[in-house]
2 protein chains.
Amino acid sequence: MSWRKEQGRAERGYHHGNLKEALLQAALGLIAEKGAAGFTFADAARMAGVSAAAPYRHFRDRDELLSSIAQRGFEQFEARLTASWDDGRPDTITAFERVGKAYLAFAREEPAFYAAMFESGLPTDANPALMAAGERAFGVIRAAAERLAALTPPGTPRPPAMMMALHIWSMSHGVASLFSRGDGARRKLPMSPDELLEAEVLIYLRGLGFPTDRRPAAKGAEPPPVPPEASSGSGVPPGGTPGGPWGKPK
Amino acid sequence: MSWRKEQGRAERGYHHGNLKEALLQAALGLIAEKGAAGFTFADAARMAGVSAAAPYRHFRDRDELLSSIAQRGFEQFEARLTASWDDGRPDTITAFERVGKAYLAFAREEPAFYAAMFESGLPTDANPALMAAGERAFGVIRAAAERLAALTPPGTPRPPAMMMALHIWSMSHGVASLFSRGDGARRKLPMSPDELLEAEVLIYLRGLGFPTDRRPAAKGAEPPPVPPEASSGSGVPPGGTPGGPWGKPK
DNA sequence: CAGCTCATGTGAACGGCTTTTACATGAGCC
DNA sequence: GGCTCATGTAAAAGCCGTTCACATGAGCTG
């Protein structure tokens with residue numbers, strides 16, 4: 001392998017050899033540490049071992065670095081959502097809830113990306129590529145919502161998939177930014193953010209007429225994940241889950 | 001009236017006479033203009049017509065000014081939520097939805113306060129008074145949720161009020177920060193943020209077993225806001241609202 | 001290999017911000 | 001009138017973002 005600049009770091013010559021990537025990595029670490037607002041262009045340069053002016057050879061300004069990170073974040077976000085959706089396997093509702101969990105997991109495990117994506121105060125329309133990346137990530141949720149909407153139990157009006165997607169996104173983002181981040185998560189909750197979101201989504205889906213009991217292992221194919229009672233009696237308790245999606249009420 | 005410093009502004013002497021308040025107002029305007037991150041201590045001082053060092057006689061540092069604004073914001077927020085809740089009149093569900101709308105209205109109409117409260121990146125535990133103010137504002141939602149939870153239709157398991165409050169908060173905050181702010185609201189939505197949140201909350205409440213049809217004017221007292229069918233047949237469509245809470249699906 | 005060229009990095013400098021310090025002012029009180 | 005202390009100022013240190021003229025050397029060209 002041609003090793004231009006012996007791999008890691010060590011003695012740099014005049015030229016760094018991989019500054020752009022090094023800056024992105026440094027910035028990522030700094031944002032994780034001190035937030036998107038506290039992050040400093042000069043600090044990133046220092047961390048990469050170059051002068052304060054060097055970054056300007058690779059990014060027009062500080063905002064462009066930030067927006068590059070946000071874009072990268074949306075790409076990884078999309079990948080994780082896609083993976084967790086797994087094309088709706090083993091069944092649509094299970095996969096749908098998994099996407100919600102993946103949303104929170106990303107916010108929790110990649111605070112720097114999440115901050116750059118949603119808390120950096122970047123002008124939304126500044127970078128078209130950034131907006132497109134965000135749109136693709138949202139597309140995963142929308143696609144999942146479409147599959148879910150197509151499964152509305154018979155006798156129930158079918159909700160617009162786009163609306164469902166927006167609802168799910170707002171729930172996920174709301175829980176993530178209020179309760180699931182390093183800093184704002186100080187509030188003492190009666191349950192974990194994951195559980196909170198899961199219950200929220202389950203109640204919401206039930207409100208749309210979906211059966212939301214915890215079937216042990218419905219080995220069958222996708223249709224019917226809708227048990228017959230859904231379209232006959234009450235699509236809502238009593239019965240079904242003992243105590244609803246939030247465990248036993250004491 | 002003793003007019004110390006002729007009311008508005010005009011020729012100040014050496015002493016301003018009302019600097020603290022002037023700084024708060026100036027900061028509020030600046031945050032509304034340029035965001036919580038873009039706001040500058042020096043700018044506020046300039047706008048108040050004093051030197052850059054003067055603000056330090058009233059605030060330990062920039063963060064304390066910001067956190068004062070956030071605290072004031074939570075107080076006004078609480079007042080507005082309380083007013084819109086109106087002790088649950090004319091009926092609990094109507095009042096509950098009104099609280100959701102008030103949440104969005106505040107985010108839209110007071111972007112500066114909202115930014116200071118939720119987007120300033122202030123360390124949550126820094127200012128106990130700030131945390132307490134936030135807690136009181138949330139208390140309004142929690143109290144409303146408690147009243148609502150007490151009305152769960154018979155035969156339906158009663159959800160924990162705290163959980164409901166957290167759910168409602170996360171929905172409101174999610175919609176507000178994703179779609180209802182000056183900047184991030186660029187996404188073209190199929191419906192207004194208000195409608196989006198209203199539908200979301202209605203579906204959620206339906207998922208908890210609440211009847212969510214639009215009764216024209218149930219003049220009676222609070223009980224029974226729950227029409228008899230709620231506990232007899234399907235607590236969910238078909239029937240009730242023509243098309244669900246999101247209007248006619250075309 | 002010599003030499004050219006251009007991407008990449010440097011140092012210095014400008015203006016702005018935050019915060020501190022010593023000093024100035026004057027409002028309120030005796 | 002004179003004291004005192006809260007309140008404001010000027011100046012300075014240290015940081016940041018950004019720009020510009022200049023330095024370096026990687027890679028091509030012959």
Side-chain angles (χ1 to χ4, degrees), chain A residues 2-7 9-27 30-31 33-69 116 120-123 126, chain B residues 1-7 9-27 30-31 33-69 120-123 126:
Chain A
S2 75
W3 55 304
R4 54 174 81 226
K5 292 306 169 191
E6 56 249 32
Q7 200 69 352
R9 83 267 351 220
E11 55 287 316
R12 302 265 127 282
Y14 194 89
H15 290 80
H16 183 289
N18 206 11
L19 224 206
K20 186 161 190 172
E21 192 55 34
L23 287 171
L24 286 166
Q25 293 304 328
L30 289 169
I31 293 173
E33 251 183 72
K34 312 190 287 185
F39 147 73
T40 254
F41 218 25
D43 246 344
R46 208 169 299 132
M47 188 154 306
V50 296
S51 75
Y56 290 85
R57 296 297 177 192
H58 299 276
F59 302 95
R60 197 178 343 88
D61 54 24
R62 181 180 174 282
D63 275 6
E64 193 181 282
L65 209 196
L66 221 47
S67 119
S68 288
I69 289 185
S120 62
L122 288 174
Chain B
M1 61 190 79
S2 75
W3 55 303
R4 55 174 81 228
K5 293 308 166 190
E6 56 249 36
Q7 200 67 350
R9 81 279 337 234
E11 56 286 317
R12 302 264 127 284
Y14 194 90
H15 290 78
H16 182 288
N18 207 13
L19 223 204
K20 186 161 190 171
E21 192 54 35
L23 287 172
L24 286 166
Q25 293 304 329
L30 289 169
I31 294 173
E33 252 183 72
K34 314 191 286 186
F39 147 72
T40 252
F41 217 26
D43 246 344
R46 207 170 299 132
M47 186 153 308
V50 296
S51 74
Y56 289 86
R57 296 296 178 190
H58 300 275
F59 301 96
R60 199 178 342 89
D61 54 24
R62 181 181 175 280
D63 275 6
E64 194 181 280
L65 208 196
L66 221 48
S67 118
S68 287
I69 289 185
S120 62
L122 288 172

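Just so you know, these numbers use all the heavy atoms, side chains as well, and skip hydrogens, waters and symmetry mates. Proteins come first, then strands; the chains are lettered A, B, ... in the order of their sequence lines, and each starts at number 1.
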Check the distance between [N]'s [atom2] and [X]'s [atom1] and give it to me in whole angstrom.
X: L65(B); N: dT18(C); atom1: CG; atom2: C1'; value: 13 Å
X: H16(A); N: dG9(C); atom1: NE2; atom2: C1'; value: 11 Å
X: Y56(A); N: dC16(D); atom1: OH; atom2: P; value: 11 Å
X: D43(A); N: dG17(D); atom1: CG; atom2: C1'; value: 13 Å
X: L66(B); N: dT18(C); atom1: CG; atom2: P; value: 11 Å
X: L19(A); N: dG25(D); atom1: CG; atom2: P; value: 15 Å
X: L23(A); N: dG17(D); atom1: CG; atom2: C1'; value: 14 Å
X: N18(B); N: dA27(C); atom1: CG; atom2: P; value: 15 Å

Quiz item: Using a cut-off of 4.0 Å on non-hydrogen atoms, how would the nucleic acid contact of A42(A) be classed: base, sugar-phosphate, or nothing?
Solution: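 Since only primed, P, OP1 and OP2 atoms lie under 4.0 Å of A42(A), the category is sugar-phosphate.
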Look at the side chain of [X] and decide which nucleotide, out of [options], has an atom nearest to it.
X: R57(A); options: dT7(D), dA10(D), dT8(C); result: dT8(C)
X: F41(A); options: dT9(D), dG17(D), dG9(C); result: dG17(D)
X: A53(B); options: dA11(D), dT10(C), dT18(D); result: dA11(D)
X: S51(B); options: dA10(D), dG17(D), dT18(C); result: dA10(D)
X: R62(B); options: dG17(D), dT19(C), dC17(C); result: dT19(C)
X: A52(A); options: dT18(C), dT18(D), dG9(C); result: dT18(D)
X: T40(A); options: dT19(C), dG17(D), dT9(D); result: dG17(D)

Are any of the side-chain heavy atoms of [X] and [Y] separated by less than 4.5 Å?
X: L24(B); Y: E21(B); answer: yes
X: L19(B); Y: R57(B); answer: no
X: K20(B); Y: F59(B); answer: yes

Quiz item: Does H58(A) place a side-chain N or O at less than 4.0 Å from the phosphate oxygens OP1/OP2 of dG9(C)?
Solution: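 H58(A) to dG9(C) OP1/OP2: side-chain N or O found under 4.0 Å.
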Quiz item: Within the pair R46(B) and dG16(C), is there a side-chain N or O less than 4.0 Å away from OP1 or OP2?
Solution: no
Practice problem: Please round to the nearest 0.5 Å and tell me the distance separating atom CG of D43(B) and atom CZ of F41(B). | Solution: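 Atom-to-atom, D43(B):CG and F41(B):CZ are 12.0 Å apart.
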Quiz prompt | From CG (L122(B)) to CD1 (I69(B)), nearest 0.5 Å | solution =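 Here the rounded value is 10.0 Å.
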